[in-house]
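Below: the structure, in C-alpha cells.
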Amino acid sequence: MSESVVNHFIRSMIEADRARGAHGGRVATRFPPEPNGYLHLGHAKSICLNFGMARDFGGTCNLRFDDTNPAKEDIEYVNAIQDDVRWLGFEWANLLHASDYFEVFYLCGEKLIQQGLAYVCDLSADDVRAYRGTLTEPGRNSPFRERSMEENLDLFRRMRAGEFDDGARTLRAKIDMASPNINLRDPALYRIRKVSHQNTGDTWCIYPMYDYAHCISDAVEGITHSLCTLEFEDHRPLYDWCLDQLDIEHDLALTAPLREKGLHMTPSRSRQTEFARGNLDYTVMSKRKLIALVQDGLVDGWNDPRMPTLSGARRRGFPPAAIRTFWERMGYSKQVATIEYSVLEACVREVLDAEASRRLAVLDPLPIEIINLPAEHRETLRFSNHPKDEAQGTREVPFSPRLYIEREDFAEVPPKGFHRLVPGGEVRLRGVGIVRCEDVVKNDAGDVTELRVSLDTSTRPGLPGAERKVKGTIHWVCAHSAIEAEVRLYDRLFDVPNPDDDSDGKTYRDHLNPGSKRIVRGYLEASLANLAAESRFQFERLGYFVSDRFDHTAEKPVFNRIVTLRDSYAKAAKS
RNA sequence: UGGGGUGUCGCCAAGUUGGUAAGGCACGGGAUUUUGAUUCCCGCAUUCCUAGGUUCGAGUCCUAGCACCCCAGCCA
C-alpha cells in the first residue's frame, strides 16, 4: 500500500522551522487526550498527525493525559486510550500526565502573582459571567483585581491548603477585561475542587484550567510543535501570554520539583498550530452523542462494530493501516471539512485486497446437487489463497456433489444483464468447472428449494476445456464439510450523510439505519475452522470478514463483515 | 453590529519568489479477469466565493463585498 507523503501546511511549517534551525532542528509533539471517553476516528486524525510528524522528522511524540479536571475523568479510560493508540500503530516516547506537573503549575501560579499578573478572585461563577461582558461589550474589572501581591499569595496558599469551599475563589490571570478576545478577559487559572484525583488522590484541592495547564505542560516537556484543533485558535494569545510571562526554559526553579521526582526533561518554548478536526459523513463523533448511543442501548457498547470509536473500528475489522492512510490521504488543512465515508472504505479495501487471504463462504444457502457425479463422490481441491500474492500459498478445499450456492446467484426469471445461474443455463463453479442447471426443485409454496445441475467434466481445472468461457463464476461451499457460523452483516449506522443536522426537526436518533446490523447463519469452507479471533479474510464475491475479537470461538464461530466488495453490478442494477 | 478563522471539481486537497489549475475518493466509458473483485487504460474545473483593480500575464498581489465556521465553562 502506498503511504505516499502528502504535503500539508503543518509539514511545511516544521520543515521551515528546521531549515532555520529552530529548536536545533528537534521535533517534539504530543497527543493530549482527556481521559473522559473513548478515542474515535476523529482522534485518530490527531494521533496520526502528532505521531506522524515526530516519526517523519526523527522526533518524539509523548502521550499525555490531560487530567486537570478530576470531576470528569476516569482511570477506566486511560488504559483504553493506550490500547487504542498502540493498536493504531504508534508508540509514545513518554507516557505522561498533566497531573505530573501539578507542583510546577502551582509554582507558576505563585510566580504570576509575584509578578502582579494574577490575582485571587472571590466572585462567584455567576458574577464572573456578569463581569465578563459579551461578544460586543467589554467586561468590567473584578472588585478583587487590585489586591496586593502579598494578599494574593496568602490567599492562593490558603486555597491550596483547603481553607475555602469549592467555587469560593479562583486564581485569575490579570490581563484585560476589555479585550475583544474573551479568552483574555482575566481567565481563570485555578479553581477549587475538593475532589479526589485519579492520580494524585487528595493531595490537591485546587486544579488548573486547560489553557493554563496545557501550555505549561508543553513547555515543560520540551514540545516544539503543539498541534491542536481549530477551536483553540483564539486561545493561542493566552497560550503565548502564559509562556511569555513564565519563561519556563530559563527559570529552572519552576521545574525543580520534576527533577526531584526524577523526571528529567528539557523545557522549551512551544508554538501552537491549529488544524481542522476530522469529520466523517454518515456518523456522529461528538462525545455526548456517542455516550447516548451506548447508554440508551442503540448500539451494543463502545466497541460495537458500527461505532466510530477506535475500539469499534477494531472490532469491525478495519486494519489500523487503513485508518492511517485514510487521514493521511485526507490531509491536514484549516478548512472545516467532512470527508466522505467512501474514502475510508476505499482505504480499507486497499489494505485488505493486498493482505487478506481468500475463502469461500455462502451466507444465504441454496442447496444444489451435481447429478452426474456419484453421491458418495469426495474430492479435495487445491485453491490459491490470493490471486496476486503467491506467498500466501494454497489450501485444500473439500468438494462433493452436494453443495450450497448463494441464493441470489440463481434466478428463475433473470433480469437483463444477469450473469449467474438460470434454468437451463450455465455458470462456472469457482475452481470446479462449468455446471448447467437441469432442474429446479420447488416446495408446495412454489419456493425454490434445490437445484439439480450437471457438471461438464471437460471443463475442470487443468483440462483444456477449462478455457471455455461462460458469463459468470459463482462461489459455493461443500454441504458435507461446511462449518456453520454466525455472520454479522454491518452497514453504516446512519442513513443520512449528516446525522448532526437537526434543522428539519429530526435528530440523529431519527436517522439510525435500521439495516445497520443483520445477523445470518452462513456456511464456511472447512479451512475456516479453528481460527483465532481477529483473523481477516475475503469471502470471495461477498466482502471482507473478520472473526469477532470477543465472541468468536472455534466451537461457535462468529464473523463480522468489515466491508463489502465493490459491486458494479449491484450499482448498475440500482440505477 | 467585537474578536479569531476559512472559501480551488460531487467529497477531500496540492498549488514554489505572479507564468498560464497535481493527486485521491466518487462518477462515466473501455480492456483483461475461473471473485460482475483486483489490475489496466481513457474521460471528468478555459476555471479557482463575487466584483473591480495592478500586470505582458493572477488561484497566487491590491481594494471592496459575500458566504460559512469558532468564541461569552470556575469543560477540554
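Remember, predicted model here, so these are calculated numbers, not experimental data. A, B, ... follow the sequence lines: proteins, then strands. Residue 1 opens every chain.
Side-chain to base pairing of A:Q335 with B:rG5: no donor and acceptor N or O lie closer than 3.5 Å to each other. The base of B:rU35 is not paired with the side chain of A:R430 by any donor and acceptor separated by under 3.5 Å.
Rounded to the nearest Å, the gap between the C1' atom of B:rC12 and that of B:rC74 is 40 Å. Comparing B:rU33 with B:rC27, their P atoms sit 24 Å apart, to the nearest whole Å. Taking the C1' atom of each, B:rU47 and B:rU8 are spaced 9 Å apart, rounded to whole Å. If you take atom C1' in B:rU17 and the same atom in B:rA58, they sit 14 Å apart, rounded to whole Å. Taking atom P on both B:rA67 and B:rA22, the two are 32 Å apart, rounded to the nearest angstrom. Atom name P, nucleotides B:rG59 and B:rC68: the rounded distance is 26 Å, in whole Å. Using P as the reference atom, B:rC62 and B:rU55 are 16 Å apart when rounded to the nearest Å. With both ends at atom C1', the span from B:rC48 to B:rC9 equals 10 Å, rounded to whole Å.
Residue-level contact check: A:F418 touches the bases, meaning some heavy atom is under 4.0 Å from a base atom. If you check every strand for non-hydrogen atoms under 4.0 Å, A:P461 touches a base. Among the protein residues, A:A466 comes within range of the nucleic acid bases, having at least one heavy atom under 4.0 Å from a base atom. Within the nucleic acid shown, A:H419 comes within 4.0 Å of at least one base atom, counting heavy atoms only. Residue contacts shown for A:G472 are absent, as no nucleic acid heavy atom lies under 4.0 Å away. Heavy atoms of A:R358 sit under 4.0 angstrom from at least one base atom. As judged by a 4.0 angstrom heavy-atom cut-off over every strand, A:K471 is placed among residues making no nucleic acid contact.
If you check the side chains of A:H235 and A:D211, you find a donor sitting under 3.5 Å from an acceptor. Judged purely by distance below 3.5 Å, without hydrogens or angles, the side chains of A:Q392 and A:S357 pair a donor atom with an acceptor atom.
Nearest to the side chain of A:V343, among B:rA26, B:rU34, B:rG24, sits B:rG24. Here B:rU34 is the nucleotide among B:rC75, B:rU34, B:rC25 with the atom lying nearest to any side-chain atom of A:R428. Side chain of A:E340, nearest nucleotide from B:rG10, B:rG15, B:rU35: B:rG10.
Following rounding to the nearest Å, A:F9 (CZ) and B:rU60 (P) show an atom-to-atom distance of 21 Å. Regarding A:F275, its CZ atom lies at a distance of 15 Å from the C1' atom of B:rC70, rounded to whole Å. For the pair A:F232 CZ and B:rC70 P, the computed distance is 14 Å after rounding to whole Å. Atom CZ in A:R30 sits about 15 Å away from atom P in B:rA76, given to the nearest Å. Remark: C1' of B:rG36 and CG of A:D567 are 7 Å apart, rounded to the nearest angstrom. Protein atom OH of A:Y38 is 21 Å distant from nucleotide atom P of B:rA76, rounded to whole Å. If you take CG of A:L189 and C1' of B:rA76, they are 15 Å apart, rounded to a whole angstrom. One can place CD of A:E137 at 11 Å from C1' of B:rU1, the figure rounded to the nearest angstrom.
B:rA76 has no base stacking with the ring of A:Y210 when judged by centroids under 5.5 angstrom apart and an interplanar angle below 30°.
Looking at residues two or more places apart in sequence or on another chain, you find no ring-ring contact (aromatic ring centres under 6.0 Å, His included) involving A:W327. Under the side chain to side chain contact (heavy atoms under 4.5 Å, CB included) criterion, A:K174 pairs with A:Y119, A:R145, A:E146, not counting sequence neighbours. Every residue meeting the salt bridge (Lys or Arg N to Asp or Glu O under 4.0 Å) condition with A:R436, not counting sequence neighbours, appears here in chain and number order: A:E426.
Taking the centre of each ring, A:F232 and A:Y210 come in below the 6.0 Å mark. When ring centroids are compared, A:Y404 and A:Y523 come within the 6.0 Å threshold. In this structure, the ring of A:F102 has its center less than 6.0 angstrom from the ring center of A:H197. Two rings, from A:Y77 and A:Y38, have their centers less than 6.0 Å apart.
Residue A:R349 places no side-chain N or O under 4.0 Å from the OP1 or OP2 atom of B:rC25. At least one side-chain nitrogen or oxygen of A:S333 sits closer than 4.0 Å to the OP1 or OP2 atom of B:rA13. At the phosphate of B:rC27, OP1 or OP2 sits under 4.0 Å from a side-chain N or O atom of A:K571. OP1 or OP2 of B:rA37 lies within a sub-4.0 Å distance of a side-chain N or O belonging to A:S568. Side-chain nitrogen and oxygen atoms of A:T68 include at least one within less than 4.0 Å of the OP1 or OP2 phosphate oxygen of B:rA76.
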Within the sub-3.5 Å range, which N or O atoms of nucleotides 71-74 of chain B have a protein N or O partner, and how far apart are they?
unit_1, atom_1, unit_2, atom_2, d
B:rA72, O3', A:R132, NH2, 3.4
B:rA72, O2', A:R132, NE, 2.9
B:rG73, OP2, A:R129, NE, 3.2
B:rG73, OP2, A:R132, NH2, 2.9
B:rC74, OP1, A:R132, NH2, 3.4
B:rC74, OP2, A:R132, NH1, 3.0
B:rC74, O2', A:R193, NH2, 2.4
B:rC74, N3, A:G167, O, 3.0
B:rC74, N4, A:L123, O, 2.5
B:rC74, N4, A:A125, N, 3.0
B:rC74, N4, A:G167, O, 3.0

Report, one pair per line, the protein and nucleotides 16-23 of chain B atoms (nitrogen or oxygen only) whose separation is under 3.5 Å.
none

Starting at the 5' end of RNA chain B, what dot-bracket string do you get if Watson-Crick and G-U pairs under 3.5 Å are bracketed, crossing pairs use [ ], other-strand pairs use | and unpaired bases use dots? .((((((..(((......[...))).(((((.......))))).....(((((..]....))))))))))).....
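A salt bridge is absent between A:R420 and A:E406: the closest approach of a Lys/Arg side-chain nitrogen to an acidic carboxylate oxygen does not fall below 4.0 angstrom. Comment: A:D186 does not engage A:R140 in a salt bridge, judged by the lack of any side-chain N to carboxylate O separation of less than 4.0 angstrom. A salt bridge does not link A:E221 to A:R30: none of the charged side-chain nitrogens sits closer than 4.0 Å to a carboxylate oxygen. Using a cut-off of 4.0 Å between Lys/Arg side-chain N and Asp/Glu carboxylate O, A:R492 and A:E345 are scored as salt-bridged.
Mapping A:D281 and A:D66 onto RNA chain B by nearest heavy atom places A:D281 at the nucleotide closer to the 5' end. Both A:A276 and A:V336 sit near RNA chain B, but only A:A276 has its closest nucleotide nearer the 5' end.
By the rule that a glycosidic angle within 90° of 0 means syn, B:rG73 counts as syn.
Using bins of under 30°, 30° to 60° and over 60° for the plane-to-plane angle, the ring pair A:W204/A:Y106 lands in the tilted bin.
Closest heavy-atom contact between A:H386 and A:A356: ND1-O, 3.4 Å.
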